[in-house]
Amino acid sequence: MAAAAVAADEAERSRGRRAALSFAAIAVLLGLPLWWKTTETYRAALPYGDIAALGRLPFQVAVSVSVVFLPGSVPADLPRRLPYGDVREERVPVSSRSDVASRIETAYRGSTAREEAALGAATAREADAALRALQDSPPGSLTVYVLPEASSLLPQGVNVYVGKHRSALVRAGQGLATLHARLQQLMQVMSFTASSIAAALSDRVPDGQLGPDAWRHLKSSLGYEITFSLLNPDPKSHDVDWDIEGAVNHYVQPILDKLNLVANFSVDSQILYYAVLGVTPRFDKESSSFILSAHSLPHVINPVEARLGSSAASLYPVLNFLLYVPERSHSPLYIQDKDGAPVTTNAFHSPRWGGIMIYNVEVPASPQTSLPLRVDVDMVRVMEVFLAQLRLLFGISREELPPEFLVESPGNEGLADWELDHLLWAHTLENIATVSTTLTSLAQLLDQISNIVIKDDVASEVYRAVAAVQDAVAELAEGRLRSAFQASKEAVTSSERAFFDPSLLHLLYFPDDQKFAIYIPLFLPMAVPILLSLAKMLREARQSKKEPTKMD
């Protein structure tokens, strides 16, 4: 009986050990991997290597220039017979770690019969319009027509005429050196410059190396909102009427149609009553007028901006153009510059914000004039100022030119074709730099926070952005400006979608210590019996080794 009891007890212990080992094996071999797999953070693969290489992508800008010689304009010291071409490369330093390589591909040829007929017009403007019908110049390219030195097509004293499109007229000069000097000056006007490239890549340029104009231009964006506001602080005295809809359609819409290639635009208008500037003007006894000095202008914007309310619900940068009609107690009101001289336009603009124009109302001669006084705004004068400010905000201001240059006015379009090319170059380079910065920041964020989910759609947007940036750089190097800009826009769109995807908000995820604090109360009651059983088995195994073995 005793032996049977001992055998039964040993069998029960053996069965308990096998059960404990089975539970432990199931928990370790099946439970832990299953728990780890079901609770792990899904992270789609990203091209970290390609993203890191974006900051080292070589910028290369190619420009195609055609130099067309009319009969009698070919220099005697021309190195080769027409037609021929040459390529000139140079590097534009941006910072200590990056620069931009420019390649100017120049093709020299003689003129065709149709081009000679077009250049037989009476004026340079008529010739420019006639040449437009003969040209198929893609964005970024230039065509220069070399005229004989004694040509009467250009006015006296004018050696270079810049048209509205992508062509120019140049006098041949006395030799090839003179012609090359004039072509070099022309390229500085109609093509990109080192300053424009540095302004476009301002994020990569040290602050001390940038000029003051680099921070005045609007940053590249997929869209802009333009708001025209009429501020009437004294509606009891002035009944102001402005035909803003007609003015926008006639003056603003043509330039926006041309800028539509760069970004999307929306225009709205509003009238604000009892909206004051927030700065008390100074009364000048000599002129019997009120003065706003230059140092007080920065204090004008903040009080007015609080009343506008346009930027609060906007996804894109807002350009504000304000027309302010002073109240009777502060009329007339004039703006003075830093030297104390009156500003001819009576307006000022704020970089990356907009502009303000003060519109004075003539005081009626008779004091018995009934109020409110009817005021019809001269929209021609107002829109001339606002369009000039709009060009300044986009960086289309024309620098001081040599006296022998004559630049044709863009007319009602408000923007010449070569000025549009300036914007495309600047925005393409800026978009590429912006995408590089955005994707680099995203990669660093995802590398630092390892429990953020990376969905497949986020990864696809990142891949699409990287591919679009590479395409933009390649197209830019080949001189295809339009396709390079479109690729850079696609890259910006994809990179912003990836960066601002709601699933990447790190506040939605728990740190690892909090995750363990949640799961320990669940696993501990199950793990304690298994661990105690394994510990008991170890003790019994040690005791069995210490007991002496009986020998018969």
Side-chain angles (χ1 to χ4, degrees), residues 63-68 70 73 104 115 118-119 121-135 137 139-147 149 151-173 178-197 199 213 216-217 251 254-255 257-259 262 344-345 349 383-426 481:
V63 181
S64 176
V65 181
S66 296
V67 180
V68 182
L70 268 69
S73 64
I104 301 177
E115 290 172 335
L119 290 169
T123 62
R125 179 182 299 178
E126 295 176 1
D128 182 54
L131 290 171
R132 169 63 173 165
L134 304 178
Q135 295 174 354
S137 302
S141 63
L142 298 176
T143 303
V144 182
Y145 294 92
V146 182
L147 307 177
E149 185 67 19
S151 174
S152 61
L153 186 60
L154 298 182
Q156 188 70 25
V158 174
N159 293 326
V160 179
Y161 170 83
V162 180
K164 293 195 302 182
H165 308 292
R166 296 182 178 93
S167 62
L169 308 179
V170 178
R171 294 188 189 272
T178 304
L179 178 61
H180 277 170
R182 291 174 180 175
L183 291 178
Q184 186 67 23
Q185 289 179 317
L186 181 64
M187 290 294 296
Q188 292 292 319
V189 175
M190 300 186 68
S191 186
F192 59 86
T193 60
S195 60
S196 62
I197 290 177
D213 294 337
R216 296 180 180 180
H217 306 160
Y251 299 103
I255 190 173
D257 292 339
K258 207 156 190 177
L259 288 173
V262 177
T344 56
T345 59
H349 87 283
M383 282 299 161
E384 285 180 353
V385 175
F386 284 165
L387 287 180
Q389 292 175 343
L390 181 64
R391 289 172 57 90
L392 288 174
L393 291 172
F394 277 101
I396 319 175
S397 59
R398 294 180 178 175
E399 300 179 358
E400 188 174 351
L401 300 175
E404 65 270 16
F405 269 66
L406 176 61
V407 179
E408 184 65 49
S409 171
N412 193 40
E413 294 182 351
L415 190 68
D417 291 345
W418 55 271
E419 290 177 324
L420 179 63
D421 294 345
H422 276 195
L423 281 180
L424 292 179
W425 269 312
L481 182 58

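Every heavy atom of this structure was used, including side-chain atoms; hydrogens, water molecules and symmetry mates were not.
A donor-acceptor pair is defined here as one N or O able to donate and one able to accept, closer than 3.5 Å; no such pair exists between the side chain of R182 and the backbone of V160. Formation of a donor-acceptor pair under 3.5 Å by the R166 side chain with backbone atoms of Q135 is not found in this model. At least one donor-acceptor pair closer than 3.5 Å links the side chain of R391 to the backbone N or O of G414. Between the side chain of W425 and the main chain of L481, no donor-acceptor pair closer than 3.5 Å is present. Using a distance-only test at 3.5 Å, with no hydrogens or angles considered, a donor-acceptor pair links the side chain of S73 to the main chain of V146.
Shown here are the salt bridge (charged side-chain N to carboxylate O under 4.0 Å, His left out) partners of E126, two or more places apart in sequence or in another chain: there are none. H422 meets the side chain to side chain donor-acceptor pair (under 3.5 Å) test with no other residue; sequence neighbours excluded. The side chain to side chain donor-acceptor pair (under 3.5 Å) check on E413 picks up K258, with sequence neighbours excluded. The side-chain contact (heavy atoms from CB on, under 4.5 Å) search around P155 returns V158, L406, not counting sequence neighbours. Not counting sequence neighbours, the partners of F386 by the ring pair (Phe, Tyr, Trp, His ring centres under 6.0 Å) test are F228, F321. Under the side chain to side chain donor-acceptor pair (under 3.5 Å) criterion, Q184 pairs with R88, sequence neighbours left out.
The two residues L154 and A124 make their nearest non-hydrogen contact at CD2-CB, 4.1 Å. Smallest separation of non-hydrogen atoms from Y251 and L387: O-CD1, 3.7 Å. The two residues E408 and Y161 come nearest to each other via the heavy atoms OE1-OH, 2.7 Å. Scanning all heavy atoms of the two residues, the minimum distance from L259 to F394 falls at CD1-CE1, 4.4 Å. Between A121 and A127 the shortest heavy-atom distance is CB-N, 3.7 Å. In terms of heavy atoms, H165 sits closest to M190 at O-CE, 4.2 Å.
Atoms CG and CG, on L415 and L423 in that order, are 6.5 Å from each other to the nearest 0.5 Å. Within the model, atoms OG of S167 and CH2 of W418 stand 11.5 Å from one another, a figure rounded to the nearest 0.5 Å. Distance check, rounded to the nearest 0.5 Å: OG1 of T345 to CD of E384 gives 10.5 Å. Note that CG of L186 is 10.5 Å distant from CG of L179, once rounded to the nearest 0.5 Å. Separating the OG atom in S151 from the CG atom in L119 is a distance of 8.0 Å, to the nearest 0.5 Å. Taking CG of D417 as the reference point, atom NZ of K164 lies at 9.0 Å (rounded to 0.5 Å).
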Test side chain to side chain contact (heavy atoms under 4.5 Å, CB included) applied to E404 and R171, step by step: CA-CA 10 Å; E404 65 270 16; R171 294 188 189 272; over 6 Å; no

Evaluation steps, side chain to side chain contact (heavy atoms under 4.5 Å, CB included), between D128 and L169: CA-CA 9 Å; D128 182 54; L169 308 179; over 6 Å; no

